[in-house]
There are 2 protein chains.
Amino acid sequence: MTASAKTKQPDISLAVCGYSKVIEIISNKWTALVIYAIENGSIRYGEIERRIAGISKKMLTQTLRKLERDGIVQRHITPSVPPMVEYSLTLLGQTLLRPMRELRQWGRDNYMHVEAARMQYDFTYNKDSMD
Amino acid sequence: MTASAKTKQPDISLAVCGYSKVIEIISNKWTALVIYAIENGSIRYGEIERRIAGISKKMLTQTLRKLERDGIVQRHITPSVPPMVEYSLTLLGQTLLRPMRELRQWGRDNYMHVEAARMQYDFTYNKDSMD
DNA sequence: CAGAATCCTCGAGGATACTG
DNA sequence: CAGTATCCTCGAGGATTCTG
């Protein structure tokens, strides 16, 4: 075994682990859904808003701004009255699609098992006050 | 085109999208790191604690419990004094490794670009008060 | 060793109203 | 149409202390 023994130093850190870095980017409440809405090509602000059930303008704008700052999406403004703003993935954002789609597929394939596990767990440890 | 036209109904929902479901599972602050610590096999509670820099017992226990409830990790107790508790991935948890590793790899490969994009963005829109 | 129990802070995210 | 600007709530997560 490569890294054996007891009393080893911490070797996993929030600041360094690749997991945390991606999660920092995509783990906000609406981020994944917004990427989902944009992933098929350029799309207008209002169209994203209409496609995502329950999102507010504030959260949509906030999420888009963060993704833009992270270099994942880009914003294209057509100065007209009223203005037209379109969003699309950057090249960097497109590279994120593959891992994210795998994640989404895992969710589709396995979430039923997760729910079953939860029910089982609650039944075993917490007969009252189900989730 | 399959889903064209304007004024379409919302077709993306937090409650339904596979993205959100996985993110709901792995997006807590320490979850990914804990899975990272466990992914190579059975490991003791104290060993996880030592491996992850900065985690407290409270958060470690809380994270492990949630993962156990979701059917991702399993807990094996050896009743001795003092007790020995070992954690490992369930079969379901192991299936999560592939998508998560891809995510981690993306982070390792691309986080530098994200940081560069942030600096560029802050420089452009916010000359003072950098991040 | 492996937690459980409390108390507290801080910021993500919601509701609402206004605007170029 | 595509946002800003405020105000407010609620719970994730930290610090600390205690225990079988």
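All chains are named by letter (A, B, ...) in the order of the sequence lines, taking the proteins before the strands, and each is independently numbered beginning at 1. Note that this is a predicted model, so its numbers are computed, not measured.
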Task: ring-ring contact (aromatic ring centres under 6.0 Å, His included) against A/Y87, all qualifying residues, sequence neighbours excluded - done: none
Open item on the list: Grouping I, L, V, M, F, W and Y whenever their side-chain heavy atoms are under 4.5 Å apart, do A/Y36 and A/Y111 come out in a common cluster?
Closed with: yes
- [ ] Answer yes or no: does a side-chain N or O of A/R65 lie under 4.0 Å from OP1 or OP2 of D/dT4?
- [x] yes
Output a table of nitrogen or oxygen pairs between the protein and nucleotides 8-15 of chain C separated by less than 3.5 Å.
unit_1 : atom_1 : unit_2 : atom_2 : d
C/dG13 : OP1    : A/K29  : N      : 2.9
C/dG13 : N7     : A/K58  : NZ     : 3.4
C/dG14 : OP1    : A/K29  : NZ     : 2.4
C/dG14 : OP2    : A/W30  : NE1    : 3.1
C/dG14 : N7     : A/K58  : NZ     : 3.1
C/dG14 : O6     : A/K58  : NZ     : 2.3

Task: Value in whole Å for how far the P atom of D/dG3 lies from OH of B/Y125 - done: 11 Å
- [ ] Ignoring backbone atoms, establish whether A/R44 has a side-chain N or O less than 4.0 Å from OP1 or OP2 of D/dG3.
- [x] no
Task: Distance in angstrom units between A/I48 CD1 and D/dC1 P, rounded - done: 14 Å
- [ ] Measure the distance from CD on A/E68 to C1' on D/dG3 and round it to the nearest whole Å.
- [x] 13 Å
TODO: Using a strict 4.0 Å threshold on nitrogen-to-oxygen distance, state whether B/E24 and A/R118 make a salt bridge.
DONE: yes
TODO: Say whether B/T61 and B/Y45, considering side chains only, have a donor N or O and an acceptor N or O under 3.5 Å apart.
DONE: yes
Open item on the list: Does this structure show an ion pair linking A/E39 with A/R104, if we count only N-O contacts that are shorter than 4.0 Å?
Closed with: yes
Open item on the list: Around atom CZ of A/R75, are there more than 12 heavy atoms from other residues, nucleotides or ligands closer than 6.0 Å?
Closed with: yes
Task: d(CG, A/L60; C1', D/dG3) in whole Å - done: 10 Å
Open item on the list: Go nucleotide by nucleotide along DNA chain D from the 5' end; which of B/K57 and A/M84 gets its closest nucleotide reached first?
Closed with: A/M84
Open item on the list: For B/Y45 and A/P83, find the nucleotide of DNA chain C closest to each by heavy atoms; which residue's nucleotide sits nearer the 5' end?
Closed with: B/Y45
Open item on the list: At less than 4.0 Å, is any side-chain N or O atom of A/R75 found next to OP1 or OP2 of D/dA2? Yes or no.
Closed with: no
